[in-house]
Amino acid sequence: MLSFILKKFSGRHHRKYVEKCRPVVARINEFEQQYQSLTDEQLQAKTTEFQARVQGGETLDQILPEAFAAVKNAARRLCGRKVLVCDHELTWDMVHFDVQLIGGITLHEGRIAEMATGEGKTLVATLPLYLNALTGKNAQLVTVNDYLARRDSEWMGHLYNFLGITVGCIQQSMHSESRREMYNRGITYGTASEFGFDYLRDNGMATRKEDQVQRDHFFCIVDEIDSILVDEARTPLIISGPAPIEREQPFTRLRPGVEELVGAQLRQINNLVKEAGDVLAKAEATSEQRQDAAMKMLQVKLGMPKNKQLLRLQENPEWRKLLDKTDVEMHSDFNKDELYKYKEQLFFTIDEKNHQADLTEVGRTKLRPDDRDAFVLPDLATIFIDIEKDATQTPEQKEQAKRAAQQRYEVVSEDIHALSQLLRAYSLYERDVEYVVQDGKVVIVDENTGRIMTGRRWSDGLHQAVEAKENVNIERETRTYATVTIQNYFRMYEKLAGMTGTAETEATEFSEIYQLSVTQIPTNQPCIRIDRNDSIFKTRRDKYAAVVKQIQEAQARGQPVLVGTVTVEQSEVLSRMLKRAGVIHTVLNAKFHQQEAEIVTRAGHKGSVTIATNMAGRGTDIKLGEGVRELGGLFVVGTERHESRRIDRQLRGRCSRQGDPGATKFFLSLEDDLMRLFLQGNIASRIMEGAMAEGEELEHSLLNRSIESAQKKVEQQNFSQRKRLLQYDDVLNKQREVIYGIRNGALHSDRPKDVIFEMIEEELAARLAAAGFGEKGGATAANIESLIGWLNSHFPVSAKVAEISERADFDSLLKQLVERISQAYALKESVEDPAALGGLERYIVINAIDHHWQEHLTEMEELRRSIGLRSYGQKDPLSEYKGEAFRFFEELMNNVRLQICTSLFRSATNRDAFENLFSILSRSARLQGPASGPTALNSAVQADANPAGASAAPAENEVKLPSVTIRRDTPKVGRNDPCPCGSGKKYKNCHGAA
Ligand code: ADP
Ligand code: MG
């Protein structure tokens, strides 16, 4: 077995790894041999034995061979047993293969195990999950959907339960009660979104530690890791709610106008494209006429890049070349004005690559003939100057005029923004491609996987624009309560591992972002799949015709076919064509996971034809039906090369599992998006264009390579985009760590008083410094006065100006003030319900943090948006962003501190306590009178202790205070912690430098 494994290995690196695993695998199998003679009870007792040994200090690596052997042996004992999985009865028939043991070791070591489809990754994961659960911490497995979480946890659960380890799964519909119970089990299955959202709720929203559901972030295996960390990671997880202030939604108001505009443009474009076509078709057309036609084509491209007729014209290689040439020429600096003129004949222009839409003058006039400036930003600066200059106005009137101008500016800028989002929605976002409409909601479709991303929303008003376009209910502008990217969520785990059939092409990304290395695990049986050359056609129509023909032929033979499409829309197109051709088939598009999983299992039966978008039915393997082997196994047909090679490899991997026969073939056309956008001007495409006639088929291994290199280019581009996004997110992530750290500190402490006093001390220190204490000249009288004013309005300390000298020493003054507040607080504690005090303190901290943090998140979003606009000149937008973000963060911390100071004495556990405190304070004031001497506070304490008012010596009755550590200028962030600005430097060496 192992010698075969070695032969299969190409990379030295991977071979070395297997070499290293070989003795371990041998030991596992030796142990397993021994275990075969144990009784069930004896085997089950192993779990408790292992747990005790881990407690006793043995490492998991030391226990690994025995633990893996126990799991394998348990699997052996289950063989032949009927087990229930998602209400279906199955017979257990699996015992871990050697390659699966290697896969298990790989996962335990925190790597990515690349194992082909059908290699049994579900079973592989049981080994490291069991081993890591022995620590008593939560071992987790992430699946691509809820259904698989349930299926795999129930399926593999039979194994865990046999060994006495509990297992559970998180489902979207669960309440926190059940979630907590599931996380408390030894092993927990669930999706990335559920885990991520639970984290956000636990850390950003829970107000009591009893409300938190997750235990820890210890060990996590991500199944289909590429799909989760690469594809799904593009949209962050966001918990949001309605924004507090509601503004009028311009979308509904603007929609009719935009609809008309789009209609008008469409008519114009149709004329242009027809005129161009007519001229081009004429043999006697002069070169001038042809040039004119080319400009018309270009205009069409500018106005509606995906226009079907334009695509049709481009099928003629000569015309296509003409358009490309004109396009390049007109975009040169030299022709800028000319191009502008042509753009201005349209109502709006669309930039397909940059996903942008702009209104032209004509468009503006058409939209608002009555007010052509309705969509032109007013020049505020000039307006203000004019207002100032106007001698007839009083200052108040001027103020009012300025406010009005400002308001108008806001309305116009909001309208412009909404308008451009609406234009994008109409022109670039196609229903059933970019999104679907389900139950009156616009739901995003992941462009890569075809997966429906329920609950996620496009940001920046685009989602509302699409909702307006589809005439569904426009959801309110929301406010972000908590957000995290999938990347940053998974980077929290002590140990992360992954498995997938296709990681190799993204290996750099995994290692750079997650420090995860990819290890290829050889297949259990040699793979005998045949990957045929791509066939390339000139038009989509030709391509689909060829696909249908292939399918018909296969079906006639009885060979099952799985057809992969890139989008939901394509699935539907193909399905219609097949229906017309009388081919019976099934369509899957990742909408109904369980149902699909069941259909997919039948996709390998004789004569079946299944169309699936990339994601559909993933995680369920396709077993061959009877007699299919002899027919060549499953035939996989790709109808388009995907932007990313990985997705193509996923599709190919759906056949030829476990040594089965199988074949794959991709059908492409020059009209495919990938070809259209990225082969433009490429030599290969020019050769093809010139040489190809309608209906002709081109096939050569050289072409495959040329397409692959186009894919590689796109992959790299996408990777650098994701990396860039992550760099931005890292800034926020560091801040989130700091905030959640403080928040959790308060949440988990019985009495978060120290957190509060730390904040108070910092606030005081900042104020003392601002007042001038500690400086050479000392504080001014005015500063002292305002400091005293602030103190007395926030804390019941009755501080007097006379008590503070202008030359007071910073540290001792700080100490003195903190002590006084602390004494005042001790007094408050004495009248509060002691059981409720901790809760009150927690509330004060958490409320302050949540309020300002949520505001901060919104500001950061806006900052990120606006920084793009600011980034001309020499400045690097990322470092600009970091600088600003840090300023925002400082402000946030200031606000939090201030709010804590403000609310400490204004909150009470109950009304009585509040009133008690006041009565004591006022009584003490009466007793004390206005004279100086012992502070009002000390007297208050005395008054409480000595209702008669006898003046005992203060020392006897002083409340004993907990000692407060005094540090000057303590930053909230630990001095040695990473700086929240994201520079990667320590705080003390960066923004925390004194
Ligand atoms: P993957 O996730 O790697 O694509 P799955 O975990 O879905 O593969 O398993 C594919 C099929 O292989 C399942 O039907 C499973 O029952 C079977 N299988 C896995 N491991 C074994 C084994 N050791 N012996 C027999 N069958 C196995
Ligand atoms: Mg799987």
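Counting starts at 1 for both ligands and their atoms, following the listed order.
With hydrogens and angles ignored, the 3.5 Å screen pairs a side-chain donor or acceptor of Gln214 with a backbone N or O of Phe195. Checking side-chain atoms of Asn161 against main-chain N and O of Gly157 turns up a donor-acceptor pair under 3.5 Å.
Classification of the Trp92-Trp155 ring pair by plane angle, with boundaries at 30° and 60°, yields perpendicular.
Other residues, nucleotides and ligands contribute at most 12 non-hydrogen atoms within 6.0 Å of the CD atom of Gln172.
Residues Tyr130 and Tyr160 place their aromatic rings such that the two centres sit no closer than 6.0 Å. In this structure, the ring of Phe490 has its center no less than 6.0 angstrom from the ring center of His217.
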What does the N/O contact table under 3.5 Å look like for ligand 1?
{"unit_1": "ligand 1", "atom_1": "3 (O)", "unit_2": "Glu119", "atom_2": "N", "d": "3.4"}
{"unit_1": "ligand 1", "atom_1": "3 (O)", "unit_2": "Gly120", "atom_2": "N", "d": "3.1"}
{"unit_1": "ligand 1", "atom_1": "3 (O)", "unit_2": "Lys121", "atom_2": "N", "d": "2.9"}
{"unit_1": "ligand 1", "atom_1": "3 (O)", "unit_2": "Lys121", "atom_2": "NZ", "d": "2.9"}
{"unit_1": "ligand 1", "atom_1": "4 (O)", "unit_2": "Gly118", "atom_2": "N", "d": "2.7"}
{"unit_1": "ligand 1", "atom_1": "6 (O)", "unit_2": "Lys121", "atom_2": "N", "d": "3.3"}
{"unit_1": "ligand 1", "atom_1": "6 (O)", "unit_2": "Thr122", "atom_2": "N", "d": "3.1"}
{"unit_1": "ligand 1", "atom_1": "6 (O)", "unit_2": "Thr122", "atom_2": "OG1", "d": "2.4"}
{"unit_1": "ligand 1", "atom_1": "8 (O)", "unit_2": "Gly120", "atom_2": "N", "d": "3.2"}
{"unit_1": "ligand 1", "atom_1": "12 (O)", "unit_2": "Arg657", "atom_2": "NH2", "d": "3.4"}
{"unit_1": "ligand 1", "atom_1": "14 (O)", "unit_2": "Lys623", "atom_2": "NZ", "d": "2.5"}
{"unit_1": "ligand 1", "atom_1": "20 (N)", "unit_2": "Gln100", "atom_2": "NE2", "d": "3.0"}
{"unit_1": "ligand 1", "atom_1": "23 (N)", "unit_2": "Val95", "atom_2": "O", "d": "2.7"}
{"unit_1": "ligand 1", "atom_1": "23 (N)", "unit_2": "Gln100", "atom_2": "OE1", "d": "2.9"}

